[in-house]
Amino acid sequence: MEYTILKPSIEGAAVLLTISRPSALNALNTRFFEEMDHFITTIAADPGIRTLIITGEGKAFVAGADIAEMVDKSPEEARAFSAVGQKVFNRLGDLPFPVIAAINGFALGGGMELAMACDFRIASTNARFGQPEVNLGLIPGYAGTQRLPRLTNLADALYLLTTGEVIDAETALHMRLVQKITQPEELLNEAKRLAVLIASKGPLAVKLVKEVTRKGLEMSFHDAEKLEQNHFGDPFNNEGKEGMTAFLEKRKPVW
């Protein structure tokens with residue numbers, strides 16, 4: 001597929017993916033979801049990729065879904081548009097390596113939902129967050145009502161979802177919606193630093209940590225505990241053995 005919205009580039013063991021539709025503040029449309037779905041398929045099985053960084057071009061990360069495309073949809077078409085977005089964002093979360101959202105500006109509506117589908121988020125001081133769908137008489141369609149209370153808490157989630165209020169990066173940090181704030185000029189450098197840090201760890205261990213942690217959230221504590229126990233032994237005959245041996249020999253492991 002020839003990408004017209006997505007701009008991927010290789011940064012060592014990481015892929016930097018820039019959403020580039022600045023004339024529409026990178027609003028999400030059908031073409032975006034087609035490209036993202038194809039892109040995820042392309043990178044999912046690439047053993048050389050250790051992290052994915054997603055950012056936006058211009059003054060927005062993603063300012064929301066494309067209202068011009070949605071305005072004439074029937075209820076059935078709207079439900080189908082929601083299903084497509086949920087499927088793609090779920091696939092993003094299922095990638096076997098960490099996905100970092102580097103939020104450079106507006107992350108509103110579908111843009112905030114995209115950021116929440118990533119594994120963690122860093123934001124520039126210019127970033128702004130919100131779920132303003134109620135301003136249009138709508139509700140989120142890409143699992144915003146479900147991810148937001150899981151990342152923050154019920155009260156903060158309902159505050160944002162019912163008021164449509166836009167918050168700054170400091171407030172998002174306080175709500176635990178983002179994990180770190182940087183100056184705008186340092187955002188991508190920090191995202192790349194984190195990608196390099198992750199790439200220095202045991203690749204199977206990172207994959208398993210992400211898989212067990214995400215799956216465990218959907219289980220009871222007892223079942224999630226068993227899931228961790230079952231996977232704990234997986235690295236012992238390969239990279240875990242190397243990591244422990246390197247520690248005892250006071251050298252860096254060779255993954």
Side-chain angles (χ1 to χ4, degrees), residues 3 5-22 25-26 28 32 35-36 38-63 88-89 91-107 111-129 151 168-170 172-173 176-211 213-214 239 243 246 252-255:
Y3 297 145
I5 295 174
L6 302 184
K7 290 182 178 179
S9 62
I10 303 297
E11 302 280 345
V15 176
L16 173 62
L17 182 67
T18 303
I19 302 169
S20 177
R21 197 178 172 226
L25 296 180
N26 303 329
L28 306 181
F32 164 82
E35 291 187 18
M36 182 63 86
H38 181 272
F39 175 74
I40 291 169
T41 299
T42 301
I43 66 171
D46 188 333
I49 296 175
R50 303 290 298 280
T51 52
L52 170 63
I53 301 167
I54 300 178
T55 195
E57 183 177 322
K59 64 181 182 179
F61 176 72
V62 168
V88 173
F89 287 176
R91 292 194 69 209
L92 185 67
D94 288 340
L95 283 169
F97 41 77
V99 181
I100 304 169
I103 303 160
N104 54 300
F106 295 111
M112 185 159 147
E113 290 172 296
L114 170 59
M116 291 191 293
C118 298
D119 292 304
F120 59 90
R121 289 146 292 284
I122 63 173
S124 88
T125 54
N126 290 337
R128 296 294 182 269
F129 301 84
L151 290 173
D168 61 19
E170 286 287 349
L173 181 67
R176 300 182 299 175
L177 184 59
V178 302
Q179 282 60 62
K180 190 166 189 176
I181 299 173
T182 74
Q183 292 301 311
E185 63 273 14
E186 290 300 318
L187 179 66
L188 288 184
N189 288 338
E190 177 61 14
K192 292 172 187 178
R193 184 191 72 81
L194 292 170
V196 170
L197 182 62
I198 291 168
S200 72
K201 313 304 180 184
L204 177 59
V206 171
K207 177 180 181 295
L208 288 173
V209 162
K210 173 173 176 174
E211 179 183 341
T213 303
R214 277 186 169 268
E239 73 176 37
K252 289 185 177 181
V254 179
W255 307 123

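Only heavy atoms go into these numbers, but all of them, side chains included; no hydrogens, no water, no symmetry mates. Remember, it's a predicted structure, so these values are computed and weren't measured experimentally.
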Of all heavy-atom pairs linking Pro184 and Thr125, the shortest is CD-OG1, 3.3 Å
Applying side-chain hydrogen bond (donor to acceptor under 3.5 Å, both in side chains) to Lys210 and not counting sequence neighbours gives Asp119
Rounded to the nearest 0.5 angstrom, the CZ-CG distance for Phe39 and Leu17 is 4.5 Å
message = What verdict does the side chain to side chain contact (heavy atoms under 4.5 Å, CB included) test give for Phe32 and Val62, after you've listed the backbone C-alpha separation in whole Å, the side-chain angles of each residue and the deciding distance to 0.1 Å?
response = CA-CA 11 Å; Phe32 164 82; Val62 168; 5.8 Å; no
Contacts of Phe120 meeting ring pair (Phe, Tyr, Trp, His ring centres under 6.0 Å) (sequence neighbours excluded), chain-then-number -> none
Test side chain to side chain contact (heavy atoms under 4.5 Å, CB included), reference Ile181, set Asp168, Leu173, Ile103, output is Leu173
Heavy-atom nearest pair, Ala107 first then Phe61, reads CB-CD2, 4.0 Å
Check your understanding: Any side-chain heavy-atom pair from Leu28 and Glu113 closer than 4.5 angstrom?
Key -> no
When rounded to the nearest 0.5 Å, the distance separating CD of Glu35 from CD1 of Ile5 is 5.0 Å
Residues pairing under salt bridge (Lys or Arg N to Asp or Glu O under 4.0 Å) where one sits in residues 10-21, two or more places apart or in two chains, turn out to be Glu11-Lys192, Arg21-Asp66
In terms of heavy-atom contacts, Gly243 and Pro253 come closest through CA-CB, 4.2 Å
In terms of heavy-atom contacts, Ala169 and Phe129 come closest through CA-CE1, 4.1 Å
All heavy atoms of Cys118 vs all of Leu92, minimum pair found to be SG-CD2, 4.2 Å
For Phe97, the ring pair (Phe, Tyr, Trp, His ring centres under 6.0 Å) test, sequence neighbours excluded, returns none
*Student check: side-chain heavy atoms of Asn126 and Lys59 closer than 4.5 Å*: no
Rounding to 0.5 Å, atoms CG (Asn189) and CD (Gln183) come to a distance of 12.5 Å
Glu57 meets the side-chain hydrogen bond (donor to acceptor under 3.5 Å, both in side chains) criterion, sequence neighbours left out, with Lys7, Ser20
Notebook entry, point to check: Less than 4.5 Å apart, any side-chain heavy atom of Leu6 and any of Ile19?
Noted result: yes
| said: Any heavy-atom pair between the side chains of Pro203 and Glu239 that's under 4.5 Å? | reply: yes
When rounded to the nearest 0.5 Å, the distance separating CD of Glu186 from OG of Ser124 is 11.5 Å
Minimal heavy-atom distance between Pro96 and Ala44, with the atoms involved, is CG-O, 3.4 Å
Distance col, row Ile100:CD1 vs Lys180:NZ, nearest 0.5 angstrom, shows 11.0 Å
Okay, side chain of Arg121, backbone of Leu177: is any donor-acceptor separation there less than 3.5 Å? yes
- [ ] Evaluate side chain to side chain contact (heavy atoms under 4.5 Å, CB included) for Met116 paired with Phe89, printing each intermediate quantity in order.
- [x] CA-CA 9 Å; Met116 291 191 293; Phe89 287 176; over 6 Å; no
With His38 as partner, the option from Thr41, Ile40, Thr42 fulfilling side chain to side chain contact (heavy atoms under 4.5 Å, CB included) is Thr42
Extract all donor-acceptor atom pairs below 3.5 Å that involve side chains of residues 49-56 and protein atoms in other chains or at least two apart in sequence.
{"from": "Arg50", "atom 1": "NH1", "to": "Ala199", "atom 2": "O", "distance (Å)": "3.1"}
{"from": "Arg50", "atom 1": "NH2", "to": "Ala199", "atom 2": "O", "distance (Å)": "3.3"}
{"from": "Arg50", "atom 1": "NH2", "to": "Lys201", "atom 2": "O", "distance (Å)": "2.8"}
{"from": "Thr55", "atom 1": "OG1", "to": "Ala102", "atom 2": "O", "distance (Å)": "2.8"}
{"from": "Thr55", "atom 1": "OG1", "to": "Asn104", "atom 2": "OD1", "distance (Å)": "3.4"}

